[in-house]
Amino acid sequence: MVRLAKLIELEWRKLEQKKVIGEVIVYWVIIMFLPTFFLKVIFADMAFVDFSESYASALELMLPIQMGLLLFGASMINHVFIEEYKNKTMSLSFGYPISRKKLVMAKVCFIFLAVFLCTLVSFVLSGITTYVIDQIFDVIHGQPTLEDFMAFTVRSIVHSVVVALISFVPLFLFGIWKRAVIPTVICAVFLAQFPNFTGLLHITLNTDMLYAVLSFIGLVSVYLSVAKVNQVGDI
C-alpha cells in the first residue's frame with residue numbers, strides 16, 4: 001500500500017502540473033455556471049420540461065452536466081499513458097524492479113483519484129454558484145430543504161465515482177492498445193452526450209442503470225489494461 005501511494009505520488013510529479021491545474025480550473029469555471037444558464041436560458045421556455053420547479057428537479061439537471069468531466073478523464077489518459085508510450089518513458093518505467101501490472105494499477109488509481117476529486121469539487125462549486133445566483137435572480141422556485149442538501153451530498157459523491165469509472169472506458173482500446181489521442185477524446189465526448197442521444201432518438205432508458213452499465217464497462221477496461229499489459233505493452 002505504501003509503495004502504491006508512492007507510485008501515485010510519482011505520477012503527479014511527472015505531470016506538467018501547471019498545465020493540468022489550468023485545465024481543471026477551466027472545466028470548473030465553465031461547469032459551475034452551466035446549471036443556472038440552462039435553467040434561465042435553455043429550458044426557460046420549454047413547456048415539456050421544468051428543472052426550475054424545485055431544487056430536487058435542478059439536481060436532476062446538474063448530474064448529467066458533470067459528465068462533461070469525462071473529457072478531463074480522457075486528458076489524464078493521454079498524459080499518463082499515451083504520452084508516455086509515445087515519448088518512450090513508459091519503456092523506462094517498465095525497466096524498474098516493479099511489475100508492469102503494479103505500475104499500470106498505480107496509474108489507474110492516480111487517474112481515478114484525479115477525476116473523482118475534480119468532479120466532487122465541481123459539484124460543490126456548481127452547487128454553491130447555483131444557490132447564490134438563485135438567491136439573486138430567483139432562478140429556482142422555493143428554497144432548498146435539508147433533504148435537498150442531503151440528496152445533493154450523496155449524489156455528488158456517488159456520481160463523482162461514476163464519472164471516474166466511466167472515464168476508463170477508452171483506456172484499454174485507445175489508451176494502451178491503440179495509443180490514440182483523438183479517438184480517446186471522441187469516445188469521452190460520446191459517453192458524456194450518450195444520455196442526450198437516447199433522448200433525441202426517443203429511446204427510454206433508466207439513467208441510473210445506464211450509468212451503472214457504463215461504469216461496469218469502465219471497470220472491464222481497467223481489468224483488461226492491467227491483465228493484458230504484458231501482451232500489449234510493447235506494441
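The analysis underlying the following values was restricted to heavy atoms, covering all of them including side chains, and did not include hydrogens, waters or symmetry mates.
- For Ser221 (side chain) and Phe172 (main-chain N/O), a donor-acceptor pair under 3.5 Å exists by modelled atom type.
- Closest of all the heavy-atom pairs between Leu4 and Cys109 is CD2-SG, 4.4 Å.
- Looking at Ser167, its side chain never comes within 3.5 Å of a backbone N or O of Gly73 through a donor-acceptor pair.
- Under 3.5 Å, the side chains of Thr129 and Ser126 contain no donor-acceptor pair of N or O atoms.
- Thr36 places none of its side-chain heavy atoms less than 4.5 Å from the side chain of Phe137.
- In the displayed structure, Glu16 atom CD is contacted under 6.0 Å by at most 12 heavy atoms of other residues, nucleotides or ligands.
- Between the OG atom of Ser122 and the CE atom of Met32 there is a distance of 8.5 Å, given to the nearest 0.5 Å.
- Under the 30°/60° scheme for interplanar angles, the aromatic rings of Tyr55 and Tyr131 are found to be tilted.
- Evaluation of the side chain to side chain contact (heavy atoms under 4.5 Å, CB included) rule for Ala180 yields Lys178, Pro183 as partners, not counting sequence neighbours.
- Hydrophobic clustering, with ILVMFWY side chains joined whenever heavy atoms are under 4.5 angstrom apart, keeps Val161 apart from Leu59.
- Counting only heavy atoms from C-beta outward, the side chains of Leu191 and Cys187 approach each other to under 4.5 Å.
- The side-chain heavy atoms of Gln193 and Met67, taken from C-beta on, include no pair separated by under 4.5 Å.
- Among residues two or more places apart in sequence or in another chain, the side chain to side chain contact (heavy atoms under 4.5 Å, CB included) test is passed with Leu113 by Ile8.
- Put simply, CG on Leu34 and CD1 on Ile65 are 5.5 Å apart, with the number rounded to the nearest 0.5 Å.
- When every heavy atom of Asn230 is checked against every heavy atom of Lys101, the shortest pair comes out as ND2-CE, 4.0 Å.
- Separation of atoms CD1 (Ile82) and CZ (Arg179) is listed at 9.5 Å; rounding is to 0.5 Å.
- In the hydrophobic clustering of ILVMFWY residues, with side-chain heavy atoms under 4.5 Å counting as a link, Trp177 and Val226 come out together.
- Here Leu10 contributes atom CG and Leu103 contributes atom CG; the two are 9.0 Å apart, rounded to the nearest 0.5 Å.
- With sequence neighbours excluded, the residues satisfying side chain to side chain contact (heavy atoms under 4.5 Å, CB included) with Val220 are Phe216, Leu224.
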Under the criterion side-chain contact (heavy atoms from CB on, under 4.5 Å), I'd like the reasoning laid out for Thr145 against Phe149: C-alpha separation, chi angles, the key distance, then a yes or no.
CA-CA 6 Å; Thr145 64; Phe149 281 117; over 6 Å; no
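- The salt bridge (charged side-chain N to carboxylate O under 4.0 Å, His left out) check on Lys86 picks up nothing, with sequence neighbours excluded.
- In this structure, Leu125 is a member of the same hydrophobic cluster as Ile25, with clusters built from ILVMFWY side-chain heavy atoms closer than 4.5 Å.
- One N or O on the side chain of Ser156 and one on the backbone of Phe152 form a donor-acceptor pair closer than 3.5 Å.
- For the atom pair CZ of Arg155 and CE of Met150, the computed distance is 14.0 Å after rounding to the nearest 0.5 Å.
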Given Leu7 and Ile98, is the side-chain contact (heavy atoms from CB on, under 4.5 Å) satisfied, shown in steps?
CA-CA 10 Å; Leu7 290 173; Ile98 304 172; 4.0 Å; yes
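- One N or O on the side chain of Ser215 and one on the backbone of Tyr211 form a donor-acceptor pair closer than 3.5 Å.
- A 4.5 Å side-chain heavy-atom check between Pro170 and Ile77 finds at least one atom pair inside the cut-off.
- You'll find the side chain of Tyr85 reaches within 4.5 Å of the side chain of Ile176, heavy atoms only.
- When all heavy atoms are compared, the tightest approach of Gly175 to Thr184 is N-OG1, 4.3 Å.
- Atom CH2 of Trp28 sits about 8.5 Å away from atom CZ of Phe72, to the nearest 0.5 Å.
- Looking at Phe110 and Met76, their side chains come closer than 4.5 Å, going by heavy atoms from C-beta outward.
- Residues Ile31 and Gln66 have side chains in contact (heavy-atom distance under 4.5 Å, counting atoms from C-beta outward).
- Remark: Lys14 engages Glu11, Glu84 in a side chain to side chain donor-acceptor pair (under 3.5 Å) (not counting sequence neighbours).
- Screening residues 133-148 for salt bridge (charged side-chain N to carboxylate O under 4.0 Å, His left out), with sequence neighbours left out, gives no hits.
- Taking hydrophobic clusters as Ile, Leu, Val, Met, Phe, Trp and Tyr residues chained together by side-chain heavy-atom distances below 4.5 Å, Leu165 shares a cluster with Val104.
- Residues Ile133 and Phe33 meet the side-chain proximity criterion, which asks for heavy atoms closer than 4.5 Å.
- In plain terms, the two heavy atoms of Cys118 and Val24 that are nearest each other are SG-CG1, 3.7 Å.
- Ion pairing of Arg13 with Glu9 is present here, as a side-chain N (NZ or NE/NH1/NH2) and a carboxylate O approach within less than 4.0 Å.
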Step by step, work out the side-chain contact (heavy atoms from CB on, under 4.5 Å) result for Ser54 and His141.
CA-CA 5 Å; Ser54 67; His141 304 309; over 6 Å; no
Stepwise side-chain contact (heavy atoms from CB on, under 4.5 Å) test for Ile186 and Phe174:
CA-CA 10 Å; Ile186 291 176; Phe174 300 126; over 6 Å; no
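- Cluster membership check: Phe194 shares its hydrophobic cluster with Val162, using side-chain heavy-atom separations under 4.5 Å among Ile, Leu, Val, Met, Phe, Trp and Tyr.
- Environment of CD1 in Ile136: crowded, with over 12 heavy atoms of neighbouring residues, nucleotides or ligands closer than 6.0 Å.
- No donor-acceptor distance shorter than 3.5 angstrom exists from the side chain of Asn87 to the backbone of Thr89, with no hydrogens or angles considered.
- Under the 30°/60° scheme for interplanar angles, the aromatic rings of Phe116 and Phe112 are found to lie parallel.
- Ring geometry for Phe123 against His159 counts as perpendicular: the plane angle is over 60°, on a 0 to 90° scale with 30° as the lower cut.
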